[in-house]
J.: 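Handing you this structure, nothing more for now.
Below, chain A is the first sequence line, B the second, and so on; all start at residue 1. Because only heavy atoms are used, hydrogens play no part in the values below, and waters and symmetry mates are left out as well, while side chains stay in.
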Amino acid sequence: MALHRKNLLGIRELSIDEILTILDTAEAFKEISRRPIKKVPTLRGRTVINLFFESSTRTRTSFEIAAKRLSADTINISVSTSSVTKGETLLDTARNLEAMVPDAIVIRHSSAGAPHQLATICKTSVINAGDGANEHPTQALLDALTIRNHKGRIEGLQIAIIGDISHSRVARSNLHLLTKLGAQVRVAGPATLIPPSFDKIAEGSSGSVVTTTSIDEAIDGADVLLMLRVQLEREASAFFPSLREYSYFYGLTAKRLQKAKKDVIVIHPGPVNRGVEIASDVVDGPYSLIYEQVTNGVAVRMAVLYLLMGGSQSEAVREVNR
Amino acid sequence: MDFVHKFQLMDVAGINRALSRVASEIVERNRGIEGLMIVGIRRRGVPLAERIADKIAELEGSRPPVGTLDITLYRDDLSTVDIKPVVQGTELPDKVEGCTIVLVDDVLYTGRTIRAALDELMDFGRPRRVQLAVLVDRGHRELPIHADYVGEKISTKQSEIVKVMLEGYDDVEQVVVVETPKQ
């Protein structure tokens, strides 16, 4: 069993088998984080660079902890303290980093396609930790792991993705993943924040996508609610009249939650805007799995690092497979 | 790849007798089952550990706890194998501190698997003592490791493979020696 690719750039190009390989490996890795000594030697001597052009708490820390629990060395570069502020281009930064012979570069960038561009010039494995509004593959994988842990499956589940869909890389990666695994996805949000032709993502998969502008319609009978953050830093607020109105029409409240299945689970990629897309009592309530998602995130990233770097490096390079 | 069948080393009764003897030797050497934990190394060490624990239960009237060890992440050859082995996880029933741990594996060969298992075990704490039980010891050690309890000891050529087949995992229960065909 292996992931026959050098990079993890998105969910879109992954096969069902590859997705299941990552999820099964992550499942086995969860136990390592519960050991007295939370470290195994498998990636000893490998170097992982976290190159973050956007702010992040969870994802960057999660990748760093994941690499360290596998004994890899990690280096974090955040743009505010790097030569990017002196005008260095992304590709020049990458070439310089690669000259120091790392084994993987984890990149987050505000432009869609930045990791893909990096992957074309780098021999190093490139892992997408979020590129613009395109994809955030490890987030979708950890969401799927969390759902599978609680529901035992993905296939046939009614899953609602609610909120700012157009700016959301989490929504895109999740739509690809969940439909590949056969979920019935409902996408809901203000009409201005739902891209046209989104239902086409499910084409060729065993799942389906329907879009609606009514949150109550999306919640009705749902097994899983995936709430998305209103991305204020991407000026999402220009697409609806006010945050208060957004919260009134699209915020998840305890009352709205009652329309879902009795054993509904609520997930959110974080950071949460309490009282905007989700009420505080729902965040802290019994259906919320927000912190379990974070725990699962470490296991998923350990699995991705292991599967991309665990085997022979020359083999990985030979099978350049973007 | 097709293997050339050479001979059968053990049949069902032979495996059963060997496990019974190993179980009674474990109890005898440790004077009972106080603080004893039997830990099987994935994959075939796991059913063997369970069966040894069952036999100890018959002798002593109570069954020692059984754990499993997945040594994939401690292997020294990961960078040279192309297909990454499936990681299935380690489960130990209790703290290892102060325990006498009997590691169980099907075949003892180079000793590298046991080296990995010892490293992993030590990451869980400081067992009082670690012993090793194997169904077959086929020689060719590459590390200074020996087994405390051995079902059957044979000398083999390095081109030969000792296949342990167990009920629940394989069609027939037996141990056979096969050889890779000459090119």
J.: For the residue pair B/Y74 and A/P41, what are the closest heavy atoms and their distance?
T.: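 For B/Y74 and A/P41, the tightest heavy-atom pair comes out as CE2-CD, 3.2 Å.
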J.: Do the non-hydrogen side-chain atoms of B/R75 and A/T42 ever get within less than 4.5 Å of each other?
T.: no
J.: For B/R21, does the CZ atom have more than 12 heavy-atom neighbours from other residues, nucleotides or ligands under 6.0 Å away?
T.: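 Check passes, neighbour count above 12.
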J.: Does atom CD of B/E142 have more than 12 heavy-atom neighbours, drawn from other residues, nucleotides or ligands, at distances under 6.0 Å?
T.: yes
J.: Side chain, backbone, both or neither: which part of A/L43 has a heavy atom under 4.5 Å from chain B?
T.: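 Nothing of A/L43, per the 4.5 Å heavy-atom cut-off to chain B.
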J.: Just wondering, are more than 12 heavy atoms of other shown residues or ligands nearer than 6.0 Å to CD in B/E97?
T.: yes
J.: Other residues, nucleotides and ligands only: do more than 12 of their heavy atoms fall within 6.0 Å of CD on B/Q8?
T.: yes
J.: With rounding to the nearest 0.5 Å, note down the distance linking CG in B/L73 to OH in A/Y306.
T.: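 One gets 6.0 Å once the value is rounded to the nearest 0.5 Å.
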J.: Could you look at B/E120 and say if it's the side chain, the backbone, both or neither that has a heavy atom under 4.5 Å from chain A?
T.: side chain
J.: If you count the non-hydrogen atoms of other residues, nucleotides and ligands that lie under 6.0 Å from CD in A/Q117, is the total more than 12?
T.: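 Open.
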J.: Looking only at non-hydrogen atoms, find the nearest pair between A/A28 and B/G89 and report the distance.
T.: CB-N, 3.9 Å
J.: When rounded to the nearest 0.5 angstrom, what distance separates NZ in A/K38 from CG in B/D123?
T.: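 A/K38 NZ to B/D123 CG: 12.0 Å, rounded to 0.5 Å.
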J.: Just wondering, more than 12 heavy atoms not from B/R128 lying within 6.0 Å of its CZ?
T.: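 12 or below, so no.
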J.: Answer with side chain, backbone, both or neither: which region of A/K39 has an atom nearer than 4.5 Å to a non-hydrogen atom of chain B?
T.: backbone
